[in-house]
Amino acid sequence: MLRDLKQDDVGKLLQADLCIVGGGMAGIALAKEFANTGHSVVLLESGGLQFDRPTQDLYQGTNVRGDFSLTTSRFRMLGGTSYVWGGWSAPLDEIDFQQREWVPHSGWPITRAELVPYYRRAQPLCELGAYRYTVPEWPSIAARALALDPNLLEHKFWQLSPQTNFGEKYLGELRQAPNITLLLNASATELVSAADARSVSAVQVAALNGRQTRVRARAYVLACGGIEIPRLMLASNRVEANGLANGNDLVGRYFMEHPHPDAGGVLLTGDVESFRPYFDRQVGKEQVVLGIGPSAGAQRRLHLLNSSIAVHGELRFEPSDAWDSLMKLSRAFDERSWPSNAGTHVMNILGDLDGVLREIYLKYRQGPIRGFSFTGRTESTPNPNNRVTLEQERDALGMPRVRLDWKPATADRLTMAKTMQLVAQEFGRLGVGRVRVNELLLQDDLRWSDNLSWFGHHMGTTRMSADAKTGVVDPNCRVHGMENLFVASSSVFPTSGYANPTLTILALALRLGDHLKANVLPVRA
Ligand SMILES: Cc1cc2nc3c(=O)[nH]c(=O)nc-3n(C[C@H](O)[C@H](O)[C@H](O)COP(=O)(O)OP(=O)(O)OC[C@H]3O[C@@H](n4cnc5c(N)ncnc54)[C@H](O)[C@@H]3O)c2cc1C
């Protein structure tokens, strides 16, 4: 059933077995699990069916680093950020779940093997084919992939979803399910808790036109994204001043994103065709990306985080020193800085003007492909000081706005630099070509971190741990100390791996659905 808090008279109180806060990718995946079952579900979605500026503005806040905006890295409407997502899908690696002594705060309390059945079930939600994430499962790729030394490097694999928009794709199913009430324009503004703060007794809900209601349920799941979940918990501070379930001051801490640097590239020695598995994404009817990253053995031996590189674009010439100098100066110009060795760069350019002009010509004339550039995507170091807190300023619904204060770690940059050095070593051994490592990876943290791209992977802010002293949710995604409050989000990731997060978010949401059905909301006889 579809209702709209702005327009429909829904009454002062809605009752259900399950209340899900957030109708994005996680919330919809979970709600679908309950469609046409004996459970009544209220799915609260802050937005409507279309993008709407005043609703999106509820996401405004401060990112102290200023490198990505809190209003363009997530979307507040039915389907959530699937409105813009890229569809890159991959499970986490085995090592990502392990406690690694060289990665502080690492280790999940569940294993990859426990998630694999749910990864398989998550595939069709994103309109992906069978669950196949290793090279041997793709014979046409296996026949042409490089024979990488497994002590150093291994292949990393993504399947590409056709960027399934969950709002469009699943609206009909949610609307038709008689036991589901999808309430649009309904923002959760407070988790009302019992006097002992050990359970949620209701969710306070508001629309931008002033209408309000409450939802009372047997269980509540927060599925409103990795920044909004801690915001809602911290803002629900009527009973406990530091926010709900925040006795150990962990809610909002350990924020992680995946740094995406321009990692460099390769100029191929031989035929471009020999590199086809790495740049051609079409395999039959499916789309995939074959990347490369440090093997688990190399990560252990060299104390690296997990990481990956994948082809980004084509290179049509071998950049000369003069071209490099031109790029450095143009980047410095973009950054409104001026390098101390600018004179040397100017002399390089003037000394080879012919070469620079030829390279500009080749770049824009689309000469033959000589190689490929790479984008990196690396795990980020969990750090309790990277955190979401609340601002004094309030949004149009009276909720405190959010403040994100964080910075990527030196280990993230060094992992990416070492990954490219290993690629250079292996590509040299295999005669693939000459690798250029982007000098930004080798320089200081400030310059590196000022030149990264981000893709709305908001992780870690309600991390999972078996121990309430080191995590916000338990291995079943139940909030420690709360009887009936659960989380479905990348906010529960204790570590991030390098893989884009959504397939893991969906797998965890499906696993939570099974847990709720079996253990929390057994159907009454
Ligand atoms: C440009 C871009 C590209 C991306 N590409 C990829 C990719 O290729 N692969 C990948 O794995 N991931 C990608 N992502 C990340 C991906 O979009 C997220 O991982 C995913 O959307 C998270 O799902 P979610 O349900 O947790 O959050 P969302 O999809 O953001 O959903 C949260 C929902 O909660 C609602 N909500 C918020 N606050 C409230 C409230 N108080 N009350 C009620 N409802 C509320 C919102 O309206 C929204 O519908 C990309 C993100 C961006 C920005």
Side-chain angles (χ1 to χ4, degrees), residues 5 19-31 42-49 51-52 55-56 58-59 68-92 122 125-126 128 158-167 182-191 203-207 215 220-233 235-236 257-258 260 287 289 310 377 395 397 399 402 453-459 461-462 487-493 496-509:
L5 184 59
C19 173
I20 303 171
V21 177
M25 301 184 83
I28 288 177
L30 181 63
V42 171
L43 174 56
L44 294 172
E45 170 48 46
S46 170
L49 299 180
F51 179 86
D52 163 62
T55 307
Q56 185 67 11
L58 297 170
Y59 267 161
F68 61 81
S69 141
L70 297 182
T71 49
T72 55
S73 58
R74 53 203 183 130
F75 283 83
R76 200 148 168 155
M77 56 196 285
L78 186 70
T81 313
S82 69
Y83 183 54
V84 297
W85 81 308
W88 286 52
S89 304
L92 293 171
L125 284 172
C126 304
L128 294 162
W158 289 264
Q159 295 185 17
L160 298 183
S161 148
Q163 297 172 281
T164 307
N165 178 324
F166 275 43
L182 165 56
L183 189 59
L184 299 176
N185 290 305
S187 297
T189 53
E190 186 184 348
L191 304 169
V203 177
Q204 186 67 35
V205 188
V215 181
Y220 302 82
V221 176
L222 304 181
C224 45
I227 294 177
E228 220 54 15
I229 289 170
R231 179 187 183 194
L232 186 55
M233 291 177 72
S236 300
E257 240 285 18
H258 286 127
H260 288 66
Q287 293 242 312
V289 176
R377 184 180 284 103
D395 69 14
L397 296 174
M399 287 224 14
V402 84
S453 303
W454 307 99
F455 291 95
H457 303 174
H458 304 151
M459 301 168 284
T461 49
T462 61
V487 176
S489 167
S490 46
S491 64
V492 306
F493 294 10
S496 70
Y498 69 86
N500 307 55
T502 306
L503 198 68
T504 304
I505 296 173
L506 298 175
L508 285 167

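Any value given below was found using the heavy atoms of this structure, including those in side chains, with hydrogens, waters and symmetry copies removed. Just so you know, ligand 1 is whichever comes first in the structure, and atom 1 is the first atom listed for that ligand. Computed from a predicted structure; not experimentally measured.
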Among [options], which one has a heavy atom closest to [atom]?
| atom | options | answer |
| --- | --- | --- |
| atom 35 (C) of ligand 1 | His458, Glu45, Arg76 | Glu45 |
| atom 32 (C) of ligand 1 | Gly22, Ala223, Gly27 | Ala223 |
| atom 33 (C) of ligand 1 | Ser89, Gly47, Gly24, Gly226 | Gly24 |
| atom 3 (C) of ligand 1 | Phe75, Trp88, Tyr59, Trp85 | Trp85 |
| atom 10 (C) of ligand 1 | Thr502, Val487, Ile229 | Thr502 |
| atom 50 (C) of ligand 1 | Phe455, Phe68, Trp454, Phe166 | Phe455 |

Once you measure the plane-to-plane angle for [X] and [Y], does it fall in the parallel (<30°), tilted (30-60°) or perpendicular (>60°) bin?
| X | Y | value |
| --- | --- | --- |
| His260 | His258 | perpendicular |
| Phe51 | Phe75 | tilted |
| Phe68 | His458 | parallel |

* Counting from 1, what ligand 1 atoms have a heavy atom of Val21 closer than 4.0 Å? -> 42 (N), 43 (C)
Does ligand 1 have a heavy atom under 4.0 Å from the side chain of [X], from its backbone, from both, or from neither?
| X | result |
| --- | --- |
| Glu228 | side chain |
| Ala488 | neither |
| Pro501 | both |
| Ile505 | side chain |
| Asn500 | both |

* Under 3.5 Å side-chain donor-acceptor pair for Ser187 and Thr189 -> no
